[in-house]
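Since the structure comes first, as structure tokens, the remarks are kept for the end.
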Number of protein chains: 2
Amino acid sequence: MSNASLTSLANDLRHACQRVSRRVRFEATAELPPHQVSALWNLQHKTLTPGELAEAERVSAPSMTKTVNCLVEKGLVARADHPDDGRCKVLTLTPAGETVLREVGQVRNDWMAGLLQGLSKEERAVLRQATDLLNQVLEN
Amino acid sequence: MSNASLTSLANDLRHACQRVSRRVRFEATAELPPHQVSALWNLQHKTLTPGELAEAERVSAPSMTKTVNCLVEKGLVARADHPDDGRCKVLTLTPAGETVLREVGQVRNDWMAGLLQGLSKEERAVLRQATDLLNQVLEN
DNA sequence: TATTGTTATACTCTATAACTATA
DNA sequence: TATAGTTATAGAGTATAACAATA
């Protein structure tokens, strides 16, 4: 593949991903602000300290304190003392948090499924392959 | 294709697009805040009124007034009176605005091209097909 | 009277700096 | 002395309500 067509693939694919992302955000509106959903997302299947969560979200520590406060008040996240290091806290998703996250995902995925509704079996197979490729390169 | 695998494709593809989108935003940092870039983007190849731009960005009219003020001060957007309707303004990209937009796109696309660097010819062809499919369904 | 855009005001999310507690 | 987290304060971005100008 030529350099020119790599460039144009990169441009077009980036735009397509951003369009999907943008429309998911706008059309599959959640009951929670995006940054709170995003924070919850990071706590799926694992516990993190506030510092780790701030780093994952590329946000300052004080910002994350506020976000976490809000999520704790809503009962979506539990904040406990760290067993070994008294300076740290440990954040985990509560059952309510898991439920909210599941519901938000559901709305977004329903929207996405609607988008793909009219495609043929072959076209969906192409998208499946592409999805796997994207996830593969995103690991790096 | 079964309903179950459509659902799982929708979920995985949505996540992949959002991951790309997020990493583009985080790693290909622009000199302009995202909402300003997004506003400029809408003015490519066309002129819009502030109201139209607000609607396109799903943002309130006063918010868009502030954003536009900022872009006008930076010399990236020109705001002129509407020729026919005295209530409206007309927004256009200035040459400086076009330059900024081109530069932002360049950085993001370079990042994206880097992501795709290691893929084979066949894998890239799959992504090209998938990109076209995505753009096709996004038209609706 | 309805519409377009702006101004006034308030709320949320963000950041940097200062502070507290622990290592 | 360094690190994790919080509190204090300020700066963007957003929204709703009120206003001015035009249709």
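Residue numbers begin at 1 in each chain, while the letters A, B, ... track the order of the sequences.
Straight-line distance from the NZ atom of A:Lys89 to the P atom of D:dT7: 10 Å, rounded to whole Å. Between the CG atom of A:Asn69 and the P atom of D:dG5 there is a distance of 13 Å, rounded to whole Å. Distance CG (A:Leu71) to C1' (D:dG5): 16 Å, rounded to an integer number of Å. The distance between atom NE2 of A:His82 and atom P of D:dA4, rounded to the nearest whole Å, is 11 Å.
Atom CE of residue B:Met112 and atom NE2 of residue A:His15 lie 11.0 Å apart, to the nearest 0.5 angstrom. A distance of 12.0 Å separates CZ of B:Arg23 from SG of A:Cys17, quoted to the nearest 0.5 Å. With values rounded to the nearest 0.5 angstrom, A:Leu53 atom CG is found 4.0 Å from A:Met64 atom CE. A distance of 12.0 Å separates CG in A:Leu115 from CG in A:Asn109, rounded to the nearest 0.5 Å.
Annotation: proximity of residues 46-57 of chain B to DNA chain D (heavy atom, distance under 4.0 Å) is found for no residue.
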Quick test: give all pairs of protein nitrogen or oxygen and nucleotides 12-14 of chain C nitrogen or oxygen below 3.5 Å, distance rounded to 0.1 Å.
unit_1	atom_1	unit_2	atom_2	d
C:dT14	O4	A:Lys66	NZ	3.2

Tabulated below should be each protein N or O lying under 3.5 Å from an N or O of nucleotides 19-22 of chain C; please produce it.
unit_1	atom_1	unit_2	atom_2	d
C:dT22	O3'	A:Gly86	N	3.4

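For B:Asp110, the salt bridge (charged side-chain N to carboxylate O under 4.0 Å, His left out) criterion is met by no residue, not counting sequence neighbours. For A:Arg22, the salt bridge (charged side-chain N to carboxylate O under 4.0 Å, His left out) criterion is met by B:Glu57, not counting sequence neighbours.
Using modelled atom types, no side-chain atom of A:Gln36 and backbone atom of A:Pro33 make a donor-acceptor pair closer than 3.5 Å. One N or O on the side chain of B:Thr94 and one on the backbone of B:Leu76 form a donor-acceptor pair closer than 3.5 Å.
Sorted by first and then second residue, the salt bridge (Lys or Arg N to Asp or Glu O under 4.0 Å) pairs involving residues 6-21 of chain B (not counting sequence neighbours) are A:Arg128-B:Asp12, A:Glu139-B:Arg19.
Checked options B:Asn69, B:Val90, B:Thr92, B:Leu71; the residue passing with B:Arg79 is B:Asn69 (criterion: side chain to side chain contact (heavy atoms under 4.5 Å, CB included)).
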